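Contents: one structure, followed by commentary.
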Protein chains: 2
Amino acid sequence: MEHQHVTALKEAGMKATPKRLAILEALNGLSCYASPEELWKQLRARFDRLGLPTVYRNLEELAESGVITKVIHPNRQLYYYFCHNRDHHHHFVCLSCRKVEDVPSCGIEAMAEVVQQQSGGRVLSHILQLNGVCGSCLRSGAPQ
Amino acid sequence: MEHQHVTALKEAGMKATPKRLAILEALNGLSCYASPEELWKQLRARFDRLGLPTVYRNLEELAESGVITKVIHPNRQLYYYFCHNRDHHHHFVCLSCRKVEDVPSCGIEAMAEVVQQQSGGRVLSHILQLNGVCGSCLRSGAPQ
DNA sequence: TCCTAAATAGAAATGAATTCGTTTTAGAAT
DNA sequence: ATTCTAAAACGAATTCATTTCTATTTAGGA
Ligand SMILES: [Zn+2]
Ligand SMILES: [Zn+2]
Ligand SMILES: [Zn+2]
Ligand SMILES: [Zn+2]
C-alpha cells in the first residue's frame with residue numbers, strides 16, 4: 001500500500017521522498033478534498049520540519065503529473081483529491097462536507113470535435129465538475 | 001443597444017449606473033475575456049474617478065446575476081466574458097488569444113441524474129469549460 | 001424636490017500562494 | 001559502503017490579486 005505510492009511516484013518521474021509519500025498517504029486517507037494548509041497542519045506533527053511551500057509545491061507537482069486531482073472551488077482556493085479511478089471520469093464535489101463522488105463519462109470528445117469543426121481549434125484540457133450537496137449532507141440538514 | 005443593457009440591469013434588480021453600464025459596454029465590445037484590471041485601465045480614461053474595487057464589485061455582481069460569465073483560468077485570476085447566447089451552453093476559451101467560442105449542449109442533466117441515483121445528492125451548479133488554442137492562433141503559430 | 005438605500009472612492013488590509021538563496025537528501029554511480 | 005549531483009526542502013520574506021472599511025456620492029422612487 002505504501003509501496004504502490006512509491007511506484008506511482010517513480011512512474012511519474014518523481015523521487016519518493018518521505019514528505020512526498022506522507023502527503024500522498026494523508027490525501028489517500030481522506031474521502032474528501034483538502035487544502036494545502038490543512039495537510040500541512042496535519043503532517044507537521046510527524047516531521048520536525050515541514051515547510052508550507054513544500055506542501056504547495058508537492059501538491060502542484062502531483063497534480064501536474066496526474067497522480068492527484070485539483071478541485072475547482074467557488075472560493076478560489078486550492079484543493080486536491082486523491083482518486084484511484086484511472087478511467088476518464090469527473091467529480092461531484094460536496095460544497096458542504098467536501099465529499100467527492102465519481103461521475104463516469106462525459107461527452108467531451110464530441111464537444112472537442114465541435115470545436116475542431118467550428119474553428120479548427122485544439123482542445124488541450126477541459127474542466128467538468130458538478131458542485132452541490134451530497135446525499136448525506138442533505139439528509140442531515142447541513143448548511144450549504 | 002445601450003438601452004438593452006439598462007433593461008438587462010433592471011431585470012437583474014440592479015441600478016443602471018453610468019459606470020456599471022460602461023463596464024458592460026466595454027465587455028460587450030470584446031470577443032474575448034478580460035480581467036478586472038484591464039477593464040479598469042480602459043475605462044479610467046472615460047471617468048475622472050473610477051476605483052478598481054468598483055470594477056471588481058460590479059463584475060462579480062453581474063456574474064452573480066447571470067448577465068456576464070466568469071471564466072475559470074489556470075492562472076487563477078478572475079476573467080469575465082459577455083455572451084449573448086441565452087441558451088444553456090458552454091465555452092471553449094483560447095489560452096493564447098482569449099477568444100471565446102460557444103459550444104452547444106452538454107450532458108449535465110444525465111450526470112445530475114447519476115448523482116441523484118448514486119447518493120441522493122443535489123447538483124447545484126456545474127463547470128464545463130474547454131481550454132485550448134483556437135484555430136486562428138494555431139494557424140498563426142502563436143505561443144500556447 | 002426630497003429621501004434613502006444602493007453605489008462608489010480610495011487608502012489600507014488581507015492572505016493565499018510564491019520566490020529565493022541556502023541547506024539537505026534521494027538515489028544513481030563508483 | 002562511499003561519493004556525487006541534481007532534485008527536494010527550508011522558511012523567512014515577498015508578492016499582488018482581491019477585499020475590506022468608512023466616508024461620500026448618487027440613482028431612482030415617492
Ligand atoms: Zn456532503
Ligand atoms: Zn474520481
Ligand atoms: Zn486564440
Ligand atoms: Zn457563450
Side-chain angles (χ1 to χ4, degrees), chain A residues 2-3 5-26 33-65 67-68 70-80, chain B residues 2-3 5-26 33-65 67-68 70-80:
Chain A
E2 177 175 316
H3 189 265
H5 290 166
V6 175
T7 308
L9 289 176
K10 292 283 165 70
E11 282 173 0
M14 305 170 77
K15 286 187 181 176
T17 68
K19 288 166 184 177
R20 192 167 275 164
L21 280 168
I23 291 170
L24 262 189
E25 279 165 39
Y33 52 91
S35 73
E37 188 163 6
E38 286 159 359
L39 291 168
W40 174 61
K41 283 179 176 164
Q42 177 187 329
L43 292 171
R44 237 184 341 180
R46 295 174 38 197
F47 295 95
D48 47 342
R49 281 145 74 89
L50 175 63
L52 183 53
T54 295
V55 180
Y56 270 93
R57 190 184 342 101
N58 274 296
L59 288 170
E60 188 52 38
E61 288 165 351
L62 289 167
E64 193 66 30
S65 63
V67 178
I68 63 177
K70 205 185 286 202
V71 171
I72 306 291
H73 200 279
N75 73 6
R76 298 176 8 86
Q77 286 183 212
L78 290 172
Y79 295 101
Y80 296 90
Chain B
E2 177 176 315
H3 188 267
H5 290 166
V6 176
T7 307
L9 289 176
K10 292 285 165 67
E11 282 172 0
M14 302 171 78
K15 286 188 181 178
T17 69
K19 288 166 184 178
R20 193 168 275 164
L21 281 168
I23 290 170
L24 263 190
E25 279 165 40
Y33 52 92
S35 74
E37 187 163 7
E38 286 158 0
L39 291 167
W40 175 62
K41 283 179 176 164
Q42 177 187 331
L43 292 170
R44 234 183 345 181
R46 294 174 38 197
F47 294 94
D48 48 342
R49 306 169 110 209
L50 175 63
L52 183 53
T54 295
V55 179
Y56 269 93
R57 189 183 345 100
N58 274 296
L59 288 170
E60 188 51 38
E61 288 165 351
L62 289 167
E64 192 66 29
S65 63
V67 178
I68 64 177
K70 205 185 284 201
V71 171
I72 307 291
H73 201 278
N75 72 6
R76 303 183 358 92
Q77 289 185 210
L78 290 171
Y79 295 99
Y80 296 91

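Quick caveat, the model's predicted, so the values are computed rather than measured. Within every chain, numbering begins at 1; the chains are lettered A, B, ... in the order of the sequence lines, protein sequences first and strands thereafter. Just so you know, these numbers use all the heavy atoms, side chains as well, and skip hydrogens, waters and symmetry mates.
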* List the steps and the verdict of side chain to side chain contact (heavy atoms under 4.5 Å, CB included) for A/Met14 and A/Leu62. => CA-CA 9 Å; A/Met14 305 170 77; A/Leu62 289 167; 4.0 Å; yes

* Quick one: do B/Glu37 and B/Lys41 make a salt bridge, cutoff under 4.0 Å? -> yes

* Heavy-atom donor-acceptor pair, B/Glu38 side chain to B/Ser35 backbone, under 3.5 Å -> yes

* Does the side chain of B/Lys19 get closer than 4.0 angstrom to OP1 or OP2 of C/dA9 through an N or O atom? -> yes

* Can you list the steps and then say if A/Arg20 with A/Glu61 is a side chain to side chain contact (heavy atoms under 4.5 Å, CB included)? -> CA-CA 10 Å; A/Arg20 192 167 275 164; A/Glu61 288 165 351; 3.0 Å; yes

* Spacing between A/Gln77 atom CD and C/dA16 atom P, to the nearest angstrom -> 6 Å

* To do: Could you run through nucleotides 19-30 of chain D and give me one letter per nucleotide, 5' to 3': B if any protein heavy atom sits under 4.0 Å from the base, S if only the sugar-phosphate is that close, - if neither?
  => BB------BS--

* Asked: Taking the six-membered ring for Trp, are A/Tyr79 and A/Tyr33 parallel (under 30°), tilted (30 to 60°) or perpendicular (over 60°)?
  -> perpendicular

* Any donor and acceptor pair, going by atom type alone, linking the side chain of B/Arg44 with main-chain N or O of B/Leu50 inside 3.5 Å? -> no

* Write down the distance between CZ (A/Arg20) and C1' (D/dC10), rounded to a whole number of angstrom. => 15 Å

* Axis-to-axis angle between the two ends of the helix from C/dT1-D/dA30 to C/dT30-D/dA1 (five base pairs per end, rounded to 10 degrees) -> 40°

* Whole angstrom value for the distance that separates P of C/dT24 from CZ of A/Phe47 -> 17 Å

* Can you tell me how far P of C/dA7 sits from CG of B/Leu24, to the nearest Å? -> 13 Å

* Send over the distance from B/Asn75 CG to C/dA17 C1', rounded to a whole Å. => 13 Å

* Figure out the OH/P separation between B/Tyr80 and D/dA17, and round it to whole Å. => 14 Å

* Taking only N and O in the side chain of A/Asn58, is any of them less than 4.0 Å away from OP1 or OP2 of D/dA9? -> yes

* **CG-CG distance between A/Asn58 and A/Leu24, expressed to the nearest 0.5 angstrom** => 8.5 Å

* Asked: Does a side-chain heavy-atom distance below 4.5 Å link A/Tyr56 with A/Leu78?
  -> yes

* Structure fact -> Rounded to whole Å, CG of A/Leu43 lies from C1' of D/dC10 at a distance of 16 Å

* Is A/Lys19 close enough and on-axis enough to A/Phe47, meaning under 6.0 Å and within 45°, for cation-pi? -> yes

* To do: For A/Pro36 and for B/Val55, find the nucleotide of DNA chain C with the closest heavy atom, then tell me which residue's nucleotide is more 5'.
  => B/Val55

* Rounded distance (Å) that lies between atom C1' of C/dT18 and atom CH2 of A/Trp40 -> 15 Å

